[in-house]
Protein chains: 2
Amino acid sequence: MMRITMEDVARHVGVSRALVSLAYRNRPGVSTETRERILHAGRELGYVPNRVAARLAGHGGNTLGVFLQDLHNDLFADLYEGTRAVADEAHKHLVLGVGALDGGRDAEALETLAQSRVDVVVAFGLQLPDTEVRTIAERVPMVCVLRGVADVDSVVSDNRHGARAATEHLIDLGHRRIAFLANPPSDGYMDRRHGYMETIAAAGLRPQVVQTTYSRETAAKDAGALLDGADAPTAIFAHNDQAAMGVLDALALRGLTPGRDVSVIGYDNSSLSKAPGTSLTTVDVDGVALGRSAAELALRRIEAPGAPSEWRTSFPTLVVRSTTGAPAA
Amino acid sequence: MMRITMEDVARHVGVSRALVSLAYRNRPGVSTETRERILHAGRELGYVPNRVAARLAGHGGNTLGVFLQDLHNDLFADLYEGTRAVADEAHKHLVLGVGALDGGRDAEALETLAQSRVDVVVAFGLQLPDTEVRTIAERVPMVCVLRGVADVDSVVSDNRHGARAATEHLIDLGHRRIAFLANPPSDGYMDRRHGYMETIAAAGLRPQVVQTTYSRETAAKDAGALLDGADAPTAIFAHNDQAAMGVLDALALRGLTPGRDVSVIGYDNSSLSKAPGTSLTTVDVDGVALGRSAAELALRRIEAPGAPSEWRTSFPTLVVRSTTGAPAA
DNA sequence: TTGTACGCGTTATCAA
DNA sequence: TTGATAACGCGTACAA
C-alpha cells in the first residue's frame, strides 16, 4: 500500500510537481483546465496531501496551537468553539494539546506544541507560574486566556469584578456569614478571592476562606467540614461551578436545600449549572467570546511578531438562578 | 530569533548530527558522557526538537489520531482520558481532531488526521455513514468507538443491552406508557431504539418513539410536545443524558417533578447526570475503559496492519438514581 | 503558464 | 562508538 505522493500525481498528469502543489493550494499560476486535470488525477490515484511535509517545507504562519486545561469542564468547549470559528475564517490549522485538572501536564503539553512548531499557542487555563509562562512565551508566542500574565498577550474576564458581583448579591440578600471556597493559590488565579475579600471587608463582615482543590469530591468534603463546623456560613461562594457542585453534594448529603437553607454561587456558567434540578446561581464569562478574542490576538501576533503585548479584559455577568435566596432565619 | 537546529547543537559540541539525534531519543550508540554533553549543549542553546521534521523523516508507527465528536459532552473526556493513559504508556503521540454535535465536521476532521499522517485513527462517536467510514478506513486504519462498523476495528458498549435494562426498569416500576426520545437515525446508532422496542413489545406494551436531535433545546421542545399531547407517557427514556436534560427542562417548565410525576432515564452517566439536584437515572458505559480498550486496539493495529478487524463489546450498567419511580397514580 | 533546483530538519543506512 | 549521505514530501524562488 505505497503512499501516493505529489510526484506520482504530477507524473500521471504529465506536469511538474510544482504545478501540482500550486493546484492543490489553489494559488495563481495554474490554468483552470490544468488544475482540474490535476485534482481529478489526484482523486483518482487516492492522493492525500502530506501536511507534515507541507509544514516542514512551508514558512509557517498558518498553525495555531491550542492548549485546553481540562476536557471535563465544558467552559473549555466554549472557548475552543470561539477560537475554532475565528481560525476557520482565517484558514488556520489548529493543533491541540490537553492538560490535566491539577496543572500537572501544562509544561509537557506546551512543550509538545512548541515541538510541533505551531506559530502561536492559545492557552486556556494554564496553571504554570508566571515566570515559567514568560520563559516559554519567549520561545513560542502565547496568548493566555482566563489568566493574565504580564508581558504576554492575555484575554481575561475580570474575575475580581465577577466575585464582587457574586458576593454583593449574597450580602444584598441579607447574608452575614458568607464563606468562599477557594481554588489552590497560584499565579493568575487569585482575583476571585480578592474580589470576595474586598467586598466582604467593605461590608464590615468577617471573611471565611476555605481552600479546596479543582476536584468536585474534595470540594464536597471541604464544604461539608464548613457546614458541620461551628458558626457555619449561610452562604457559600465557590471558586467555580465544579466546586459548587461539590457544595451541592455536601448539602444534599445533609438534607439541606440550596437557596433556602444555604445559598450557593458558582462561577463559569457551565452546562452543569444549567441543569434544571440544579439551577445554580453563577457568573457567566462567555467562553465563546473569550475564545474568539484569543484567536484574534493570536492572528495579530502572527502578523506582527514584535508588537507589544496586549491584554483584553471583558466583564462577566452574574446569572441569578435558584441556589441563592434570603438566609434561613 | 533564528531557530536552533540539530546541526547547531552538533557543531557546538563537535559531533555529527546523527549522534545528536540518537542522544535526544536516548537510543543506543552514544556514550553516556557524550549524551550528557549533547543534551547540556542543547539546553544551553535553547534547542527545541522539531517534531514535524522528525515525523517526516521517520517511518511512522508512533502517532495516534484521536477524533472527538463533541467537547461539550464529557463522555468524550472520559474516552480521551482512557486513550491517553494507554498511549502514554506506549510512548505514542496523540493528534486530536474535533467534530461537531451534528456530525457535520466528521469528514473534514478525519481528512485532517489523514493528512497529518497519523498511523491510526481512534474515532469517538463518528456519525458518518458506514460505507464512508469503511472507505476512509481503507486509507488510514481506524478504530471506531461507541459505534460498530463491520470490517473496521470497533469498541462498543452494547446499547441494546443498556436500553433493555433501562426500559425493563421502567416496566418493573409499573409504567405502561413509556416513550423513547430517539436520536436521529443513522448507521450505528439504532440499537438503543431497538432495545427499547423489543422490550416494550415483549411486555405487550405500545411503543411510542419520538425522534429528536442531539441538542438539549430540541429535546426539551420534543419532550414538551409529548407531555402536552393526549395520552402522555408516565416515563420517558431519552437516547442520552443531554437529551434527558432537555426532558427535565420540559418537566420543570410544567411544574412536574421527575421521578414522581414523570420518570426519566438518560444514557451515558455523564457528569450532568450526577449533579445532586438532577440525580438522573442513566446507563453507565464506562468511557475510560472504552477509551483504554480502543487505544489497545489501535496499538495492535499498528503492530499488525493486516490483521483481521476486531470488535470489542462491553456491557453497560443501569445506574438508578432519583428520576425514576412508580407512576403517579 | 510551466519547469528546475534548492532547502526545510530529521531519521536511517552503511561504512569507518 | 562515530560520521557521511541519502531519503522523507513538499514549498518556492527563479528561470524558461
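Letters go in sequence order (proteins before strands), and every chain restarts at 1.
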Would you call the rings of A:Phe76 and A:Phe124 parallel, tilted or perpendicular, where under 30° means parallel and over 60° means perpendicular? tilted
Using a heavy-atom cut-off of 4.0 Å across all strands, would you classify [X] as base, sugar-phosphate, or nothing?
{"X": "B:Ala54", "answer": "sugar-phosphate"}
{"X": "B:Tyr24", "answer": "nothing"}
{"X": "B:Ser31", "answer": "sugar-phosphate"}
{"X": "B:Leu19", "answer": "sugar-phosphate"}

Where the side chain of [X] is concerned, which of [options] is the nearest nucleotide?
{"X": "A:Ala18", "options": "C:dT2, C:dT4, D:dG3", "value": "C:dT4"}
{"X": "B:Val15", "options": "D:dG9, D:dT12, D:dG3", "value": "D:dG3"}
{"X": "A:Arg17", "options": "D:dG11, D:dT1, C:dT1", "value": "D:dG11"}

Starting at the 5' end of DNA chain C, which residue's closest nucleotide do you reach first, A:Arg117 or A:Leu22? A:Leu22
Could you tell me the separation between the NE2 atom of A:His59 and the P atom of C:dC6, rounded to a whole number of Å? 16 Å
Identify, between B:Gly14 and B:Gly58, the residue whose nearest nucleotide on DNA chain D lies closer to the 5' end. B:Gly14
For C:dT11, does the base pair up with any side-chain atom of B:Arg25 as donor and acceptor (N or O, under 3.5 Å, distance only)? no
